[in-house]
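Chain identifiers are assigned alphabetically (A, B, ...) following the order of the sequence lines, protein sequences preceding nucleic acid strands; residue numbering begins at 1 within each chain. Values in this document were obtained by computation on a predicted structure and should not be read as measured data.
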2 protein chains.
Amino acid sequence: MNRSRITFTLNELVYVLNSTADRLLRANFELTYSQFLFLVTLMSQDKPTPSYLAECLGVSRAAVSQRLSWFQERNLVRVSRVSGNEKNLSLELTRKGELLATQSADFLEKEFRILFDGGSSVDLEKLDKTLTQVKTQLIKKMESRNAA
Amino acid sequence: MNRSRITFTLNELVYVLNSTADRLLRANFELTYSQFLFLVTLMSQDKPTPSYLAECLGVSRAAVSQRLSWFQERNLVRVSRVSGNEKNLSLELTRKGELLATQSADFLEKEFRILFDGGSSVDLEKLDKTLTQVKTQLIKKMESRNAA
DNA sequence: ACTAGTTTGTCAAGTAGTTAACATTAGCCT
DNA sequence: AGGCTAATGTTAACTACTTGACAAACTAGT
């Protein structure tokens with residue numbers, strides 16, 4: 001019972017958070033949450049390629065490949081080849097894409113601060129640490145089980 | 001930054017949990033995690049209808065309608081009409097479906113206990129309470145904002 | 001009793017992901 | 001240099017959802 005309860009609670013909480021973000025982004029930036037993640041993930045990378053972006057987003061290379069044209073058409077992402085490297089595509093945000101990513105991230109940050117902070121009796125900093133701890137612990141356990 | 005970190009952490013943790021469950025269920029019961037959820041959710045209900053099941057699973061009625069035949073073909077779920085009620089379908093697990101749901105749930109419970117418990121320095125009971133608190137607080141906040 | 005509105009289940013069309021297979025390119029190694 | 005191996009990006013076919021429209025069946029109000 002213990003296990004089920006906490007995994008269900010986690011799923012429910014994530015659902016609330018993500019769908020709230022999605023609603024806010026659609027209403028204010030005509031962007032879905034997953035499009036938002038695509039942009040901010042791209043922005044946070046140094047010399048991004050589709051393959052690495054896929055890994056960071058936790059999706060397949062095929063998924064990134066299929067979505068790229070959407071961002072190109074809207075002039076949010078520029079796809080190019082670096083001379084001397086015929087294998088990798090090079091991705092970068094356009095100025096417009098960068099602006100959209102920055103503004104929407106700031107907006108979302110602000111909105112969530114309002115939702116989270118007011119009269120919050122929960123230490124979010126600490127909660128984050130605890131969750132990270134649980135995650136790494138799980139992963140370590142799984143590895144040691146698989147090795148055996 | 002605060003907001004982003006914790007929502008990302010939550011998403012990552014949920015991903016680890018759900019994909020672990022999926023892997024275990026596929027390997028041992030030839031069941032995906034979402035098929036598992038379908039069965040256990042159905043089992044936990046009193047007089048289930050497709051519409052109510054959809055609500056509990058957090059998906060559309062259409063999604064449930066489309067998936068039902070899969071469970072019927074494998075003799076896991078029985079779909080019928082209760083006389084005097086032409087509107088609602090009545091769902092119930094077959095004996096085979098009930099067995100599968102029970103056994104896979106027990107199995108998953110046991111596996112997760114191993115992953116969670118050993119040397120865990122985290123009080124999961126308390127963590128669950130905290131998460132629930134955050135969730136309800138968020139929902140309440142959102143309602144009061146929308147009302148204004 | 002009837003009409004107006006609501007709920008239910010299903011279908012069609014669209015979306016966003018998956019895996020598998022493929023050609024191409026890059027790196028290695030001997 | 002040549003040849004194996006691995007990685008990249010794209011495509012095709014599939015899956016599991018979505019929304020919107022719909023007919024059929026219930027529920028109320030008067």
For atom CD of B:Glu55 and atom P of C:dG9, their distance in whole Å
12 Å
When you measure from the side-chain N and O atoms of B:Ser60 to the phosphate of D:dC17, is any distance below 4.0 Å, counting only OP1 and OP2?
no
Check: B:Asn18 main-chain N/O paired with B:Asp22 side-chain donor or acceptor under 3.5 Å
no
Nearest-Å distance, CG (B:Leu53) to P (C:dT10)?
12 Å
Let's see if you can work this out: which of D:dT18, C:dG17, D:dA25 has an atom nearest to the side-chain heavy atoms of B:Val59?
D:dT18
Closest listed nucleotide, where the reference is the side chain of A:Thr49 and the choices are D:dC17, D:dG9, D:dT11:
D:dG9
Nucleotide of D:dT10, C:dT25, D:dC17 approaching A:Leu89 most closely (side-chain heavy atoms):
D:dT10
Rounded to the nearest Å, what distance is computed from the CG atom of residue B:Leu68 to the C1' atom of nucleotide C:dC11?
15 Å
Does A:Ser34 or A:Asn88 map to a spot on DNA chain C nearer the 5' end, using the closest nucleotide for each?
A:Ser34
So which nucleotide from C:dA26, D:dT10, D:dC17 ends up closest to the side chain of A:Ser65?
D:dT10
Result for 5'-nearest mapping on DNA chain C, choosing between A:Arg61 and B:Ala63, is B:Ala63
When you measure from the side chain of B:Thr9 to the backbone N and O of A:Thr132, does any donor-acceptor pair fall under 3.5 Å?
no
Could you state the atom-to-atom distance from CG of A:Asn18 to P of C:dG17 in whole Å?
13 Å
Specify the separation, in whole Å, of atom CG of B:Asn85 and atom C1' of D:dT27.
13 Å
Taken to the nearest whole Å, CD/A:Gln66 to P/C:dG14 is 17 Å
Which part of the nucleic acid does B:Ser51 contact within heavy-atom distance under 4.0 Å: base, sugar-phosphate only, or nothing?
sugar-phosphate
Donor-acceptor pair, distance only, cut-off 3.5 Å: does the side chain of B:Ser104 make one with the backbone of B:Ala101?
yes
Should the side chain of B:Lys87 and the base of C:dT7 be counted as holding a donor-acceptor pair, with the cut-off at 3.5 Å?
yes
Any sub-3.5 Å donor-acceptor pair from A:Ser90's side-chain atoms to A:Arg81's backbone N or O?
no
Is it true that a side-chain atom of A:Thr136 and a backbone atom of A:Gln133 form a donor plus acceptor pair closer than 3.5 Å?
yes
Write down the distance between OH (B:Tyr52) and C1' (C:dT7), rounded to a whole number of angstrom.
16 Å
Calculate the interatomic distance between B:Leu57 atom CG and D:dA16 atom P; express it in whole Å.
14 Å
